[in-house]
Amino acid sequence: MRLEALARAAIADALRRLSFPSPSGEIPLERPEKAEYGDISSRVAFLLAKELKRPPQEIAGDLAAAFSHPAFSHVEAVGGFLNLTLRPEAIREVLRQILAEGERYGEWELGKRRPLQVEFVSSNPTGPLTVGHGRQAALGDALANLFSALGWEVTREYYLNDEGRQIELLAQSLWARYRQALGADVPVPEDGYHGDYLVAIGEELASEWGDRYPEWTPEAVEAFRGVAVKRMMGMIHEDLAAIGVSFDVWTREGDLHRRGLVREVFEALKDRGVVYEKDGAHWMKSTEFGLARDPVLIRSDGTPTYLMVDIAYHVDKYRRGFVRVVDVQGADHIEEQQQVKLALRILGYPEEFLHYCVHQFVTLKGREGIERMSTRAGRFLRLKDLIEELGRDVVRYFMVRRKPEAHLIFDMELAKKTSVENPVYYVQYAHTRIASIFREAEKAGEPVTRHALRVTDLSPLTDRDELALIKELDRFPDVVRRAAESYGPHLLCEYMEELAGMFHPYYNRVRILGQGGATPARLALLYALRAVLQKGLSLLGVTAPEVM
RNA sequence: GCGCCCGUAGCUCAGUUGGACAGAGCAGCGGCUUCCUAAGCCGCAGGUCGGAGGUUCGAGUCCUCCCGGGCGUACCA
């Protein structure tokens, strides 16, 4: 049994013995920072104070007196808190269980193999991916990994918006570059795409097609749109390959139209009476439901807006059987999200179906001219280039290290020059050191396999750092769960940095090899630690190197 | 104006469902290597948790207002 479960059972037992009521919900537990407060503490007495009409400290005192559980060596009531101290054997038992679970330690079965979708990146094919998309790629992929670990059947999906006005502008921008390559003085449209990346493609097309498209005719639109989207998708695939993210499903906006779904969902909204006509367009009555404004669903020219398609897309997701959908999106989509959620609510879809992981933007520090990135203005740093410069591990780790809803200041110079003090290296180095010990241990004929270590005598593990490490390892499954359910992979970074920060001093102080009976026991501890580091890093899409 | 997010040490940020004297890394200063990788370890210094009220036995955490920053407020996506 895990330590928290142990403590809950013991406290519940004491409550029963005293005929005290149980608090509504779980018995609250904490891991106190100070050693003198024990291994686990509970403020359950505070919760019962009102109901029992007695001061918390009295209740805690009674609980301490009635407390009796073999896993705990002593109990103390301090200032209303109930502080529990575990017996070392109970802590070591946790290690044995971790070794029994092996590489699966940290996984859950909460998802029960139900289908869950993570939609992320979904960048329009109007340019390569920038470092901003990098945050989303790292975040989405980590969340997908985390939900897999919770036992969900996860689908990674990319929504491809390959139609509409932006694509038209892209095509026209490319055509302008093509004309320029042929010596014509054709400017890129002011609200078009000004990035360099279209210049080279324009030149290629000039030499391939010659003067075939002198005017911006419907034929030209068709030709350039096709080429532009194809080439942009090529770049996006390169960027995704660079960061190591791959998708299971690509959904194109055009598919939704062709299936008649957009029309059908619009009609459904109309049937619910939440659509009205004004100025030739169809609007949704969102203000009646408390939102800031009414959005257009169908333009006066009869074409559906992005929002309308987005609503239909989510209906489609539901029909495809997803029990839960997580959309990773930038903060500039918040209003859109409110509108989609409202529409789904009106249509009667369950509230818990759609979740958004909203993230703020990445600011690049140390690169002149691109502090405020804009694909359209051609002012950005390509994700692939960043990764080539810093390495995939550093980029991925940095991108998820901060909570999504906070701005991320990516200090280029720091990320580069601190390759020595970088937190990702700090964590990876802990793994590398353990790997190194295991190489030496094997040479020395010590037990190194899980099979051998799970039956080894753990009683030599009496050092305070050793017991503290085991207690920290015990937290891992909860961290995984919380990181997933709160859409905060940064919690995993924090945890692993803590773990590495406990291991390095221990390593420095305590020798593992050549210590007689203590050696196998310590190897057992390090085996579990290595497994957790591996698992944690892999959940973030970061490697766990054997050698650095 | 309205909506959402952020404001914690010089810098970048953590901080469970409110809890026991506010944490980490970097930067700064001073130490540590006959031994499993020094990409490491030990120590010092550094903060009126943006401000003001309020709720509570207890507020960095919840509520209100204010200040500062970001994003949105399109028949763009």
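Chain letters run A, B, ... following the sequence lines, proteins first, then strands; residues in each count from 1. Nothing here was measured: the structure is a model prediction, and the numbers come from that model.
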Please tell me which of the listed nucleotides, B:C75, B:C13, B:G15, lies nearest to the side chain of A:Ser300? B:C75

Nearest to the A:Ser41 side chain among B:C4, B:A20, B:G15, which nucleotide is it? B:A20

B:A45 versus B:G50 - spacing of their C1' atoms, nearest Å: 25 Å

What is the pairing partner of B:G46, taking Watson-Crick or G-U wobble pairs with both distances under 3.5 Å in any strand? none

Applying a 4.0 Å non-hydrogen cut-off, can you work out what A:Phe438 is touching in the nucleic acid: base, sugar-phosphate, or nothing? nothing

Please determine, for B:G58, whether a Watson-Crick or G-U wobble partner exists with both distances under 3.5 Å, and give it or none. none

What is the distance from CG of A:Asn422 to C1' of B:C13, rounded to the nearest Å? 14 Å

Hey, can you tell me if A:His282 and A:Phe266 have their rings parallel, tilted or perpendicular (30° and 60° cut-offs)? perpendicular

Quick check, does A:Phe81 stack with B:A20? I mean ring centres under 5.5 Å and planes off by under 30°. yes

Interatomic distance where NZ belongs to A:Lys443 and C1' belongs to B:C36 [whole Å]: 10 Å

For a quick test of reading the model: is some side-chain N or O of A:Tyr426 closer than 4.0 Å to OP1 or OP2 of B:C41? yes

Nearest whole angstrom, please: distance from the P of B:C2 to the CD of A:Gln339. 19 Å

Look at the side chain of A:Val78 and decide which nucleotide, out of B:A77, B:A20, B:G15, has an atom nearest to it. B:A20

Distance between P atoms of B:A59 and B:G54 (Å, rounded): 12 Å

With a non-hydrogen cut-off below 4.0 angstrom, is A:Asp279 in contact with a base, only sugar-phosphate, or nothing? base

Have a look at A:Gln360 and say if it touches a base, only the backbone sugar-phosphate, or nothing, with a 4.0 Å heavy-atom cut-off. base

Could you tell me whether A:Ala281 contacts a base, only the sugar-phosphate backbone, or nothing, with contacts defined as non-hydrogen atoms closer than 4.0 Å? base

5'-most contact on RNA chain B (nearest-nucleotide basis), A:His490 vs A:His504, goes to A:His490

Would the A:Tyr37 and A:Phe81 ring centres measure less than 6.0 Å apart? no

Taken to the nearest whole Å, NZ/A:Lys53 to C1'/B:C57 is 17 Å

As a test of reading the structure: which of B:A20, B:U16, B:C42 is closest to the side chain of A:Pro505, going by heavy atoms? B:C42

Describe the nucleic acid contact of A:Arg482 in one word from base, sugar-phosphate, nothing, applying a heavy-atom distance below 4.0 Å. base

Does the structure show a Watson-Crick or G-U wobble partner for B:U73, both distances under 3.5 Å? Name it, or say none. B:G1

Mate of B:G10 across any strand shown (Watson-Crick or G-U wobble, both atom pairs under 3.5 Å) is B:C26

Write down the distance between OH (A:Tyr429) and C1' (B:C36), rounded to a whole number of angstrom. 10 Å

Just call it for A:Glu336: base, sugar-phosphate, or nothing, with non-hydrogen atoms closer than 4.0 Å on any strand. base

So what does A:Gln166 hit on the nucleic acid, given a heavy-atom distance under 4.0 Å: a base, only sugar-phosphate, or nothing? base

Sugar-phosphate, base or nothing in reach of A:Leu491, heavy atoms under 4.0 Å: sugar-phosphate

Starting from the 5' end of RNA chain B, give me the residue, A:Tyr37 or A:Asn508, whose nearest nucleotide shows up first. A:Tyr37

Closer than 3.5 angstrom, by distance alone: can the side chain of A:Thr287 be matched with the main-chain N or O of A:Ala292 as a donor-acceptor pair? no

Under 5.5 Å between ring centres and under 30° between planes: does that hold for A:Tyr507 against the base of B:G40? no

Suppose you measure atom P in B:A24 against the same atom in B:C41; what distance do you get, rounded to whole Å? 13 Å

Using the C1' atoms only, state how far B:G18 lies from B:A27, rounded to an integer number of Å. 34 Å

Rounded distance in Å - CG (A:Asp294) to P (B:G72): 21 Å

Keeping A:Gln428 on the side-chain end and A:Thr543 on the backbone end, is there a donor-acceptor pair under 3.5 Å? yes

Applying a 4.0 Å non-hydrogen cut-off, can you work out what A:Val309 is touching in the nucleic acid: base, sugar-phosphate, or nothing? nothing

Between B:U17 and B:C35, how far is it from one C1' atom to the other, in whole Å? 48 Å

Quick check on B:G15: is either OP1 or OP2 less than 4.0 Å from any side-chain nitrogen or oxygen of A:Lys403? yes

Contact class for A:Arg402 (heavy atom, under 4.0 Å): base, sugar-phosphate, or nothing? base

Inter-nucleotide P distance (B:G30, B:C36), Å rounded: 28 Å

pair_partner(B:G18), Watson-Crick or wobble, both distances < 3.5 Å, evaluates to none

Does a distance-only test, which skips hydrogens and angles, find a donor-acceptor pair under 3.5 Å between the side chain of A:Thr305 and the base of B:C75? no

Can you tell me the distance, in whole Å, between the NE2 atom of A:His407 and the C1' atom of B:C6? 6 Å

If only side-chain N and O atoms count, and only distance matters, is there a donor-acceptor pair under 3.5 Å linking A:Asp39 with A:Thr85? no

Where the side chain of A:Glu440 is defined as all heavy atoms beyond and including C-beta, which of B:C36, B:A77, B:G72 is the nearest nucleotide? B:C36

Across all strands shown, which nucleotide pairs with B:U64 by Watson-Crick or G-U wobble geometry, both distances under 3.5 Å? B:A52

Base, sugar-phosphate or nothing for A:Ile409? Non-hydrogen atoms, less than 4.0 Å. sugar-phosphate

Assess the pair A:His74 and A:Phe67: is the distance between their ring centroids shorter than 6.0 Å? no

Under 3.5 Å, is there a donor-acceptor pair between the side chain of A:His194 and the main chain of A:Arg376? no

Taking B:G28 as the reference, what is the distance to B:C21 when you measure between their C1' atoms (whole Å, please)? 26 Å

Could you check whether A:Thr126 gets within reach of a base, just the sugar-phosphate, or nothing at all, counting any heavy atom under 4.0 Å? nothing

From CG (A:Leu139) to CG (A:Leu408), nearest 0.5 Å: 10.0 Å

Looking for any heavy atom pair under 4.0 Å, which part of the strands does A:Val358 touch: base, sugar-phosphate only, or nothing? nothing

What interatomic distance, in whole Å, is found between P of B:C5 and the corresponding atom of B:G15? 16 Å

Rounded at 0.5 Å granularity, tell me how far CZ in A:Phe438 sits from CD in A:Glu546. 10.5 Å

If the cut-off is 4.0 Å, is A:Arg509 near the phosphate of B:G40, judged by side-chain N/O to OP1 or OP2? no

Value for CD (A:Glu288) from CG (A:Asp294), rounded to nearest 0.5 Å, stands at 7.5 Å

hbond_proxy A:Arg481 side chain to B:U16 base (donor-acceptor, 3.5 Å cutoff): no

At under 4.0 Å between heavy atoms, what does A:Gln57 touch on the DNA or RNA strands: base, sugar-phosphate, or nothing? nothing

Please determine, for B:G40, whether a Watson-Crick or G-U wobble partner exists with both distances under 3.5 Å, and give it or none. B:C32

Donor-acceptor pair under 3.5 Å: do we get one between A:Asn83's side chain and the base of B:A20? yes

How close or far is atom C1' of B:A77 from atom CG of A:Leu256, stated in whole angstroms? 15 Å

